[in-house]
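Since the structure comes first, as structure tokens, the remarks are kept for the end.
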Amino acid sequence: MTDNYFLDINVIQPLPPNNVNRDDTGTPKTAVYGGVTRARISSQALKRAVREQFQQRHLPENELGRPTREVEALLTEAIKAKNSDVDAEALAKELWKAIKTTKAKENANSDEGDGKKSYLVFFSNKQVEALADLAIGSQDAIDKKEARRVAAEANGLELALFGRMIADAPEINVDAAVQVAHGISTHAVELESDYFTAVDQFVDDPGAAMIGDIGFSSSTMYRYAAINLGELMTNLGDPQAVQQATDAFVRSFIMSMPSGKQNTFANITVPDAVLVVLRKGRPLSLAGAFERPVTAGSESGYVAASCSELAQYDKQLQENFVGAPAASFVVRTDNAGEELDAVADRVTLDELMNKLGEVLPSVVGEQA
């Protein structure tokens, strides 16, 4: 338990036939939970979809970043853009060497000294710009302490949310302020296969020119993420920036979905229910509501039954373990049923964002 506030985001979303997240064989990912097979969407895929939403929502470019294995090339590009007369590659190499505190482990599959790392390095665009200015302005060797200081400041929205871990430079590590769970179906699923053929329209041949199959599943998914508002304040240092980051993540997480095989299945849906809860002391996933797989009603499907289980489980946890939250809101369609209204104030998505805008300033003020 801590004094930090956490914002829990619980999403119930129906997905018609789809293959949004597949394994190395092309098969939709699954997990066993509650003794049965569930459809699964990996947390990595969900986070990637959120970050793509950041770009689509036209967030300020300097608040974002470009994780890359070719960090020296990234720094070279920024230095060249500011001053084409300097040896940008040499400065970038010296700059990265100054930032590191241990010897870098080069990619075993790359030529020695090519600057490609065996892991992704994530600097915010603001940090890249500042590091380029430092390199260009250095009269002699780049000062290591100054390089690390610059690399640790101006995290930007995206980096503050998702964090950074660099084994070669632990001094500039950033603890992630968000946790994203693997999405799972609220019920048991059976994987299916779509057998298809394609006709060659240039050659006059009535037969199939191509035969194939694509795995897919259909499900009602439970997705969960939590924002540690105290950690976010530590990473950004500005209440207004925390508000902006929270707004961007909440809306993007709710409205995003990995796009695997989307042209094939067009599984373009939005949630039927979103339960957002502000808690003090700890985050709380409600995945336990679905440890016993939901069964579909003869006419109601899985959405209403899943929302009913979610509401009942949240109520039981409040009564027996965690107490009442600081605030709780639900955005839902009529398909979700009315049971969630008993544990949260019903609002629209835009109203939710406005409500969070009213509640968070005082909460973030406590975290400062």
Side-chain angles (χ1 to χ4, degrees), residues 1-13 50 157 160-163 175-181 222-255 271-290 306-332 336-368:
M1 295 285 290
T2 73
D3 290 331
N4 283 358
Y5 280 89
F6 296 84
L7 197 66
D8 295 325
I9 311 165
N10 305 271
V11 177
I12 299 293
Q13 183 166 353
V50 169
L157 180 156
L161 285 166
F162 294 104
D175 290 335
V178 297
Q179 302 169 0
V180 179
Y222 170 71
R223 298 192 284 120
Y224 170 78
I227 305 176
N228 183 335
L229 296 172
E231 193 67 54
L232 192 55
M233 183 63 188
T234 298
N235 293 346
L236 289 171
D238 174 25
Q240 187 173 352
V242 171
Q243 181 81 47
Q244 183 185 14
T246 302
D247 180 277
F249 182 83
V250 171
R251 190 181 289 271
S252 295
F253 182 73
I254 290 171
M255 298 302 291
D272 264 304
V274 177
L275 177 64
V276 176
V277 183
L278 179 65
R279 304 182 193 275
K280 187 174 185 179
R282 58 161 295 158
L284 183 64
S285 166
L286 299 180
F290 312 113
S306 298
C307 291
S308 175
E309 293 293 333
L310 189 70
Q312 292 178 43
Y313 191 66
D314 182 53
K315 184 173 182 293
Q316 291 170 17
L317 292 184
Q318 287 186 41
E319 292 174 349
N320 295 287
F321 289 98
V322 297
S328 188
F329 305 101
V330 62
V331 182
R332 68 169 179 85
E338 299 179 354
E339 290 195 47
L340 283 168
D341 296 358
V343 296
D345 296 329
R346 186 180 180 186
V347 293
T348 66
L349 180 57
D350 286 340
E351 289 170 346
L352 168 65
M353 306 316 300
N354 290 335
K355 291 287 186 181
L356 292 178
E358 296 169 2
V359 171
L360 289 182
S362 61
V363 169
V364 173
E366 290 185 35
Q367 311 288 273

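A donor-acceptor distance shorter than 3.5 angstrom exists from the side chain of Asn235 to the backbone of Asp175, with no hydrogens or angles considered. A donor-acceptor pair under 3.5 Å is formed between the side chain of Arg223 and the backbone N or O of Phe253.
Contact check for Arg279 versus Pro283: no side-chain heavy atoms found under the 4.5 Å cut-off. Counting heavy atoms from C-beta on, the side chains of Ile254 and Leu352 come closer than 4.5 Å. When side chains are defined from C-beta on, Arg251 counts as touching Asp350, because their heavy atoms get closer than 4.5 Å.
Scanning all heavy atoms of the two residues, the minimum distance from Phe329 to Val359 falls at CZ-CG2, 4.4 Å. Closest approach of Ala311 and Val343 over heavy atoms only: O-CG1, 3.8 Å. Taking every heavy atom of both residues into account, Met255 and Leu349 meet most closely at SD-CD2, 3.9 Å. In terms of heavy atoms, Val274 sits closest to Pro271 at CG2-CB, 3.8 Å. The two residues Ala344 and Ser328 have their closest heavy-atom pair at CB-OG, 3.3 Å. For the residue pair Asp8 and Leu284, the shortest heavy atom distance occurs at OD2-N, 3.1 Å.
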- Item | Val50 vs Leu161, side chain to side chain contact (heavy atoms under 4.5 Å, CB included): CA-CA, chis, key distance, verdict | CA-CA 11 Å; Val50 169; Leu161 285 166; over 6 Å; no
- Message: Ser362 vs Glu366, test: side chain to side chain donor-acceptor pair (under 3.5 Å). Steps then yes/no.
- Response: CA-CA 7 Å; Ser362 61; Glu366 290 185 35; 5.8 Å; no
- Query: Would Phe290 and Leu310 satisfy side chain to side chain contact (heavy atoms under 4.5 Å, CB included), going step by step from the backbone distance to the final call?
  - Reply: CA-CA 8 Å; Phe290 312 113; Leu310 189 70; 4.0 Å; yes
- Show the numbers, then the answer: is there a side chain to side chain contact (heavy atoms under 4.5 Å, CB included) between Gln243 and Thr246? CA-CA 5 Å; Gln243 181 81 47; Thr246 302; 5.7 Å; no
- Query: Passes side chain to side chain contact (heavy atoms under 4.5 Å, CB included), Arg332 versus Ile12? Steps please.
  - Reply: CA-CA 9 Å; Arg332 68 169 179 85; Ile12 299 293; over 6 Å; no
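Distance CG/Leu229 to CG/Asn4: 8.0 Å, rounded to 0.5 Å. Atom-to-atom distance recorded for Leu360:CG and Gln240:CD is 13.0 Å, nearest 0.5 angstrom. For the atom pair CD (Glu309) and OH (Tyr222), the distance works out to 13.0 Å, reported to the nearest 0.5 Å. Note that the CG atom of Asp238 and the CG atom of Leu232 stand 10.5 Å from one another [nearest 0.5 Å]. The CD1 atom of Ile227 lies 15.5 Å from the OH atom of Tyr5; values are rounded to the nearest 0.5 Å. Taken from OG in Ser285 to CD1 in Ile9, the straight-line distance is 12.0 Å, to the nearest 0.5 Å.
In the displayed structure, Glu351 atom CD is contacted under 6.0 Å by more than 12 heavy atoms of other residues, nucleotides or ligands.
Side-chain polar atoms of Asp314 and Gln318 form a donor-acceptor pair below 3.5 angstrom.
With sequence neighbours left out, Gln244 forms a side-chain hydrogen bond (donor to acceptor under 3.5 Å, both in side chains) with no residue at all.
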